[in-house]
Each structure stands twice: as C-alpha cells, then as structure tokens.
**Q** 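Here it is: the structure, laid out below.
Hydrogens, waters and symmetry mates play no part in the numbers below; they use all other heavy atoms, side chains included.
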Amino acid sequence: MEIRQPARLVALDTEVFVRNNFNYKSTLFVKLIELSESEKIYLYLTTVVQREVLAHIHQEVQEAKKNFEKLHKEFRKQAK
C-alpha cells in the first residue's frame with residue numbers, strides 16, 4: 001500500500017502575478033502549473049484576487065496604449 005502525502009492548497013495573491021509581470025511562462029508559474037496538474041497542490045484564487053489581477057492587466061494595457069499613441073504621434077510629427 002502506497003502512502004501519499006496530502007495535497008496542499010496554495011492560495012495565490014495578486015502580488016505573485018505582479019512580481020512575475022503577469023508572465024505565465026515564468027519559472028514560478030510553470031512550476032505551479034506542473035504541480036497542480038500532477039495534483040500535488042491545488043491552486044486557489046479568490047474572486048477578489050481574480051478581479052485585482054484583471055484590473056492590473058487592464059491598467060497595464062491602457063498604459064501601453066497611451067505610450068504607443070504618444071510614440072505614434074511623435075513619429076508622424078517627425079516623419080513630415
């Protein structure tokens with residue numbers, strides 16, 4: 001009879017996503033996914049964390065859009 005360690009519940013906070021720049025291919029996320037798929041851990045995200053992560057991503061996209069528009073405007077100005 002094989003004795004298995006009980007699986008561990010791992011709760012992720014928004015800071016984990018921010019610290020890894022939302023890069024889901026980072027070493028940390030790859031390992032978390034691997035452990036989760038092998039059922040050695042169970043990942044837990046609250047709805048609050050999910051909303052915060054989405055809000056952070058939205059904010060980053062808006063910032064990138066604003067920067068792109070600024071660069072594009074400057075490029076068009078210099079291209080004349």
**Q** CD of Gln62 to CG of Asn67: how many Å apart, nearest 0.5 Å?
**A**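 One finds 11.5 Å between CD of Gln62 and CG of Asn67.
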**Q** Would Leu12 and Leu32 satisfy side chain to side chain contact (heavy atoms under 4.5 Å, CB included), going step by step from the backbone distance to the final call?
**A** CA-CA 10 Å; Leu12 297 180; Leu32 285 172; 4.0 Å; yes
**Q** Just jot down the ring-ring contact (aromatic ring centres under 6.0 Å, His included) partners of Tyr44, sequence neighbours excluded, or say none.
**A**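 Here no residue qualifies.
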**Q** Nearest 0.5 Å please: distance from the NZ atom of Lys73 over to the CD atom of Gln78.
**A**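 So the NZ of Lys73 and the CD of Gln78 are separated by 13.0 Å.
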**Q** Mind jotting down which residue pairs meet the ring-ring contact (aromatic ring centres under 6.0 Å, His included) criterion with at least one end in residues 60-80? Sequence neighbours excluded, please.
**A**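 The answer is Phe68-His72.
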**Q** Taking the side chain as every heavy atom from C-beta outward, state whether Thr46 and Asp13 have any atom pair closer than 4.5 Å.
**A**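 No - every pair of side-chain heavy atoms lies 4.5 Å or more apart.
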**Q** Should Val53 and Ile33 be regarded as members of a common hydrophobic cluster, given that ILVMFWY residues are connected when their side-chain heavy atoms come within less than 4.5 Å of each other, either directly or indirectly?
**A**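 Different clusters: Val53 never reaches Ile33 through Ile, Leu, Val, Met, Phe, Trp or Tyr contacts under 4.5 Å.
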**Q** Quick one: does Ile41's side chain get under 4.5 Å of Leu9's, heavy atoms only?
**A**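 Side-chain contact under 4.5 Å: no.
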**Q** Only pairs at least two apart or in different chains count here, so list each salt bridge (Lys or Arg N to Asp or Glu O under 4.0 Å) that has a residue in residues 46-67.
**A**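 Non-adjacent pairs meeting salt bridge (Lys or Arg N to Asp or Glu O under 4.0 Å): zero.
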**Q** Applying salt bridge (Lys or Arg N to Asp or Glu O under 4.0 Å) as the test, list every pair that has at least one member in residues 20-47; sequence neighbours left out.
**A**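 Salt bridge (Lys or Arg N to Asp or Glu O under 4.0 Å) check on residues 20-47 returns Lys31-Glu34.
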**Q** Not counting sequence neighbours, list each pair that qualifies as a ring-ring contact (aromatic ring centres under 6.0 Å, His included) and has a residue in residues 14-42.
**A**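 Listed by first then second residue: Phe17-Phe29, Tyr24-Phe29.
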**Q** According to a 4.5 Å side-chain heavy-atom criterion applied to Ile, Leu, Val, Met, Phe, Trp and Tyr, with indirect links allowed, do Leu35 and Leu43 form part of one hydrophobic cluster?
**A**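 Yes; tracing contacts between hydrophobic side chains, which count when under 4.5 Å, links both residues.
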**Q** Under 4.5 Å between side-chain heavy atoms, hopping through other hydrophobics if needed: is there a path connecting Val30 to Leu45?
**A**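 No: no chain of side-chain contacts under 4.5 Å links Val30 to Leu45.
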**Q** Could you list the residues that satisfy ring-ring contact (aromatic ring centres under 6.0 Å, His included) with His58, not counting sequence neighbours?
**A**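 His58 satisfies ring-ring contact (aromatic ring centres under 6.0 Å, His included) with no other residue.
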